[in-house]
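Heads up, the thing below is written out as structure tokens.
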Protein chains: 4
Amino acid sequence: MAKIKTKRERVKFASDNVAGACPEVLDAIIKANEGDSTPYGNDEWSTNLQNKFSEIFEKDVIVYPTASGTAANALALSAMTPVFGSIYCHKHSHINTDECGAPEFYTGGAKLVPLNGINGKFTPEELSENIGGAGIVHHTQPSVVSITQLCETGEVYQLDEITAISETAHKHNLKMHMDGARFANALVSLGATPAEMTWKSGIDVLSFGATKNGCIAAEAIIFFKPELVGNLPFLMKRSGHLLSKMRFVSAQLEAYISNDIWLRNAKHANKMGKKLSEGLKSNSNIELAYPTEANEVFAKFPKPIIKHLNSEGYKMNQEELDGKAVRLVAAWNTKESDVDQLLETLSKS
Amino acid sequence: MAKIKTKRERVKFASDNVAGACPEVLDAIIKANEGDSTPYGNDEWSTNLQNKFSEIFEKDVIVYPTASGTAANALALSAMTPVFGSIYCHKHSHINTDECGAPEFYTGGAKLVPLNGINGKFTPEELSENIGGAGIVHHTQPSVVSITQLCETGEVYQLDEITAISETAHKHNLKMHMDGARFANALVSLGATPAEMTWKSGIDVLSFGATKNGCIAAEAIIFFKPELVGNLPFLMKRSGHLLSKMRFVSAQLEAYISNDIWLRNAKHANKMGKKLSEGLKSNSNIELAYPTEANEVFAKFPKPIIKHLNSEGYKMNQEELDGKAVRLVAAWNTKESDVDQLLETLSKS
Amino acid sequence: MAKIKTKRERVKFASDNVAGACPEVLDAIIKANEGDSTPYGNDEWSTNLQNKFSEIFEKDVIVYPTASGTAANALALSAMTPVFGSIYCHKHSHINTDECGAPEFYTGGAKLVPLNGINGKFTPEELSENIGGAGIVHHTQPSVVSITQLCETGEVYQLDEITAISETAHKHNLKMHMDGARFANALVSLGATPAEMTWKSGIDVLSFGATKNGCIAAEAIIFFKPELVGNLPFLMKRSGHLLSKMRFVSAQLEAYISNDIWLRNAKHANKMGKKLSEGLKSNSNIELAYPTEANEVFAKFPKPIIKHLNSEGYKMNQEELDGKAVRLVAAWNTKESDVDQLLETLSKS
Amino acid sequence: MAKIKTKRERVKFASDNVAGACPEVLDAIIKANEGDSTPYGNDEWSTNLQNKFSEIFEKDVIVYPTASGTAANALALSAMTPVFGSIYCHKHSHINTDECGAPEFYTGGAKLVPLNGINGKFTPEELSENIGGAGIVHHTQPSVVSITQLCETGEVYQLDEITAISETAHKHNLKMHMDGARFANALVSLGATPAEMTWKSGIDVLSFGATKNGCIAAEAIIFFKPELVGNLPFLMKRSGHLLSKMRFVSAQLEAYISNDIWLRNAKHANKMGKKLSEGLKSNSNIELAYPTEANEVFAKFPKPIIKHLNSEGYKMNQEELDGKAVRLVAAWNTKESDVDQLLETLSKS
């Protein structure tokens with residue numbers, strides 16, 4: 001908020017959070033507005049959500065809706081670690097670099113142990129080498145492993161990769177967290193079921209992202225093991241994330257996961273990402289930094305091209321990810337013509 | 001969320017947060033959904049909001065929208081006190097009793113010093129007697145005074161009462177915070193201007209409530225002194241309250257404070273409160289606990305009557321406020337017939 | 001440390017922490033300095049301490065030595081409450097007013113709920129009236145009751161008073177903490193055994209004070225229920241209170257509780273307190289504020305007398321305890337002549 | 001404390017914290033025990049300390065004594081960073097790996113950013129590459145650089161290395177902290193003055209270690225810039241590190257820095273380290289892991305030798321520093337015969 005600049009034009013591709021809500025989600029808000037309702041999540045939408053998510057995940061899950069992804073991550077982690085815990089994550093993970101220390105705040109001071117990884121993913125081997133100090137009072141105590149799906153380079157953890165990391169985590173009595181900010185995009189990329197990509201691969205707690213893929217402000221903390229819920233309801237309240245009119249968050253989520261809306265949105269975004277990726281690849285001045293596996297495209301542009309695009313109203317940020325690549329993200333509402341326009345602008349630079 | 005019960009019927013009067021959004025606010029959300037926008041509050045709605053609020057308060061203010069009132073309070077306080085500060089407030093204030101320790105969490109451990117008050121308000125004298133220990137390392141350091149407007153008994157702090165408390169606070173170098181969860185209801189009750197009820201009476205930082213009075217999830221932290229903003233943008237982000245699609249919160253607020261919508265809603269709610277209050281007063285079994293000055297009514301009911309009302313689907317909670325009284329709250333959407341129906345149900349008990 | 005003033009003369013009676021260590025404790029430090037030792041409490045003194053304290057308390061206890069009473073209290077409480085807990089204590093208790101918010105800091109934001117009490121003690125009735133909100137996410141959760149022995153007015157909680165408060169606490173599933181900064185003084189005043197004054201009266205965790213009564217810097221957190229220890233070793237380390245050369249703290253404690261040194265010291269201090277109290281009472285200008293039951297004397301002095309005493313080098317602090325009374329404290333090393341001298345100085349004012 | 005084992009034999013070389021106090025320091029404690037004194041650091045020893053340290057550092061410094069090195073580090077850092085700050089340090093630094101998250105706890109959640117370094121030291125280049133995100137709310141904010149002197153491999157940062165790192169830090173508006181747990185050992189190794197190794201090389205705040213080198217429990221936080229002190233007195237109190245009988249910590253420090261005791265102790269320890277290092281080097285089975293520049297020796301032992309030494313009562317810990325090397329530390333009281341005995345035991349394995 002500090003420095004406010006207004007730019008609506010061509011924020012496309014800057015991120016998938018520049019898009020609004022898809023029609024079904026907006027409709028759900030409008031419908032939820034009819035009549036009064038008990039507050040603080042004691043409403044029919046929030047109740048239904050438990051059942052709906054349990055169906056989708058083929059398991060009884062416990063769901064806490066939140067309005068923010070950073071909140072979902074930080075709250076989930078705070079239920080999984082003591083104040084003196086270690087949380088193992090990729091050095092470029094959102095929880096480590098893009099949440100202004102929210103995990104440290106919510107956990108009361110737990111330590112994020114950054115792993116280098118290979119591109120955006122880390123391996124069970126690197127994880128294993130870094131876990132240590134259990135039971136020794138001088139060291140923060142190994143508590144949680146967190147992976148991001150899509151990972152920070154837009155790639156997708158394969159099911160066997162998730163499973164291998166989870167096995168290492170569980171072998172050391174650590175809990176497995178997945179930051180699923182782009183859960184649907186990863187899911188449709190893998191062609192896996194929600195169950196397969198989570199608890200069947202060893203995930204204990206999931207931050208289920210929905211905002212970027214068609215909601216206004218709706219995420220969910222999903223517990224696959226009820227014993228891990230702990231004090232979460234109190235932690236939510238005391239962090240100001242238990243909204244009084246929670247029904248409006250739950251209603252978004254309900255619409256989002258109904259009738260395959262979320263999968264439809266993600267498939268489209270991924271398709272647009274693929275189209276963009278292929279268009280860029282065909283430009284001899286541009287090099288893809290990582291394979292495009294879903295809706296995020298990372299590419300290396302010559303500086304003059306970046307300058308040109310920005311002069312045309314785009315927001316290309318070279319600083320991202322250590323200056324190694326520019327990130328472009330397709331959203332549920334990206335049109336073929338948006339991609340064409342960008343590629344055309346590029347071709348003129 | 002822990003125990004989920006679904007009850008939509010007759011939650012009326014349980015609180016004003018059982019109501020949804022008023023049409024103008026819902027329309028603003030729908031309109032804000034057209035097109036893409038830069039995220040994290042760098043959008044046109046959030047920018048406009050600064051100007052709009054500055055107009056309304058007749059002063060350049062700095063505004064941070066949030067989705068939750070507890071967040072607004074806790075964030076505001078965390079910008080106003082060191083970790084070892086004392087925050088003086090009414091013992092029944094929302095920040096002291098209804099936020100599960102959010103102020104302590106956000107401030108990093110500041111101490112809320114509860115004042116007994118006379119009914120729901122405290123006086124400059126009681127405040128003055130309790131301020132102490134400045135400069136002595138053994139004691140938490142006097143930092144903030146917080147009042148709630150409407151106060152916890154539904155009464156309204158008069159302008160001269162606010163001014164007198166502010167003067168005491170400022171004399172001791174403390175900052176003045178107002179929890180304005182029902183700001184509009186108080187304002188129309190007093191017939192004062194926003195400026196008069198805040199900075200002209202010595203308020204430094206305001207939690208401006210809008211959710212209860214016609215929004216879905218929209219509050220604002222308003223700084224009347226720019227030097228008090230401090231690190232708020234970082235504190236918001238690391239607490240997960242900087243929503244990516246912040247425009248939807250800002251759009252609600254913009255609609256809410258435009259065209260006197262907020263005042264219209266509050267006037268109606270207060271009128272319904274008054275009607276309810278008078279209806280109750282005419283029942284010889286029921287005694288008003290506090291004067292009804294806005295949209296909250298506190299009354300003492302014989303237990304059989306409470307039982308009767310609850311059996312008819314109402315949610316009368318005798319535990320509130322030390323079991324001394326039941327609270328009934330009229331909202332922007334309370335109908336005359338809702339009041340009549342309650343009174344009629346009462347008359348049959 | 002901020003403002004340093006050097007005054008060694010006549011600090012007597014200002015507090016019992018102005019005294020140094022008794023000879024036996026100093027000798028123990030000197031002896032512990034012979035040879036090397038494993039650090040961080042893995043030494044023979046620390047080990048012996050467990051057995052020694054278990055003997056004294058007639059029960060297997062778990063002991064953690066610390067160098068500071070504030071640390072002992074804050075660490076003990078942090079093992080007993082969740083971050084969103086309520087800790088019930090006297091409004092004038094040391095944890096509430098003299099530790100600059102240490103309990104809030106260590107517990108991660110728990111709320112101290114101040115009770116008014118009658119003089120320095122509170123009753124089971126007042127406690128009971130204040131316990132509420134269990135299981136409701138909006139409220140901090142009742143977790144701990146803490147009493148101070150000697151209490152803040154120098155009076156002693158009787159065994160049946162402790163028992164009655166403990167029963168109320170346990171009935172509500174709260175844990176009982178005793179801040180025993182002047183444990184020995186209370187013990188010899190009551191003529192009770194350590195077991196009687198603690199676990200036999202329902203105390204779960206004790207902050208055992210030794211510094212004031214003859215040590216240099218030595219306190220102990222004593223757990224009467226092993227299941228309450230929780231993560232204390234990690235909490236100690238991460239707060240910087242696990243000293244590397246911990247043997248020197250343990251050695252002090254070992255000497256202190258050996259050969260009844262602690263009881264001898266406390267008996268003498270109490271005797272001097274009594275002598276002082278009686279001397280003051282015989283002065284018609286001075287009124288005892290509370291009965292003198294151990295080594296602390298609270299009395300109301302006319303202002304000119306305070307002025308006179310301070311001009312003679314004493315440090316009489318009228319601000320203490322709401323300006324109602326001046327506190328004078330006898331220590332293990334207070335001489336009869338010290339008392340005589342004060343009384344004589346008084347008689348000349 | 002959790003699991004207590006008693007071993008006094010041959011803890012030599014396990015660390016320099018196995019040694020007791022040197023005679024002069026013990027004498028100072030004994031002398032400080034004569035008579036009464038004002039508590040909480042308002043005593044003559046604490047006052048003198050300010051002057052004494054100012055002399056030694058050739059600059060007016062502000063000194064806060066503490067009983068623990070972890071406390072000194074964590075408190076110092078908490079005065080230097082906001083809650084959302086980044087602290088850049090070596091990945092093996094004590095603050096990152098051996099304080100159970102104390103810096104995170106004390107700072108309210110700041111993030112330690114680990115640098116790989118070359119051996120135990122990091123370079124201005126690596127630091128520079130890692131500093132980023134200033135002013136952007138999504139990122140923790142670059143705030144402090146902390147180096148350890150001796151560093152974690154027993155090597156010494158040269159004056160020009162410190163200066164280069166400080167310049168990089170200051171260029172980015174970060175503050176420079178030095179963890180001087182073995183400050184004296186580094187100082188005599190360099191042959192530098194205290195001023196040269198600190199503020200003349202750009203250090204802003206120093207954790208001055210004394211415990212390991214001849215005290216019982218005495219460290220000091222030393223501010224070279226008064227404007228950085230901030231709220232430290234309150235932070236000390238609320239963390240339980242403002243001891244009531246602080247004079248005994250100050251007296252240790254005063255004796256320690258008087259008459260070059262500290263330098264004498266460090267010179268001897270370094271000499272013994274050198275002797276040990278050369279003895280090990282001459283053993284063809286043993287390889288020094290890092291050059292021995294002060295009193296810490298890191299060497300790679302074949303497993304059977306470690307087993308042999310441990311069977312002879314030594315405590316060789318192969319786990320230290322990623323299993324790469326065993327650390328042996330000479331102390332102020334290590335005798336030539338201690339070194340000879342170890343080498344002889346070795347020769348028989």
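Note that the coordinates shown come from a computational prediction; the quantities given were computed from them, not determined experimentally.
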Side-chain donor/acceptor of [X] to backbone N/O of [Y], under 3.5 Å:
X: Asp36(D); Y: Lys12(C); answer: no
X: Lys245(C); Y: Ala21(D); answer: no
X: His241(D); Y: Ala71(C); answer: no
X: Ser68(C); Y: Gly240(D); answer: yes

Review point. When you look at Leu243(D) and Thr211(C), which way does the side chain to side chain contact (heavy atoms under 4.5 Å, CB included) test go after all the steps?
Key: CA-CA 10 Å; Leu243(D) 301 187; Thr211(C) 304; over 6 Å; no

Point to revise | Heavy-atom neighbours of Asp60(D) CG exceed 12 at 6.0 Å | key: no

Using heavy-atom distances under 4.5 Å, tell me whether [X] contacts chain C through its side chain, its backbone, both, or neither.
X: Ile30(D); result: both
X: Ala74(D); result: neither
X: Tyr106(D); result: both
X: Asp98(D); result: backbone
X: Leu26(D); result: side chain

Look up atom [atom1] in [X] and atom [atom2] in [Y], then write down how far apart they are to the nearest 0.5 Å.
X: Thr38(C); Y: Asn17(D); atom1: OG1; atom2: CG; value: 9.5 Å
X: Lys315(D); Y: Asn42(C); atom1: NZ; atom2: CG; value: 6.5 Å
X: Ser15(D); Y: Tyr40(C); atom1: OG; atom2: OH; value: 6.5 Å
X: Cys100(C); Y: Leu242(D); atom1: SG; atom2: CG; value: 9.5 Å

Review point. In terms of heavy-atom pairs under 4.5 Å, which option from Lys212(C), Glu104(C), Arg238(C), Glu99(C) contacts chain D the most?
Key: Arg238(C)

Check your understanding: Phe234(C) versus chain D, heavy atoms under 4.5 Å apart: side chain, backbone, both or neither?
Key -> both

Exercise for review: Please determine, among Ser244(D), Gly101(D), Ser239(D), the option with the most heavy-atom pairs under 4.5 Å with chain C.
Suggested key: Ser239(D)

Practice item. For each of Thr66(D), Ile216(D), Thr70(D), Ile62(D), tally heavy-atom pairs with chain C at distances under 4.5 Å, and name the one with the top tally. Key: Ile216(D)

Review point. Do Val18(C) and Pro39(D) have side chains that get closer than 4.5 Å, going by heavy atoms?
Key: yes

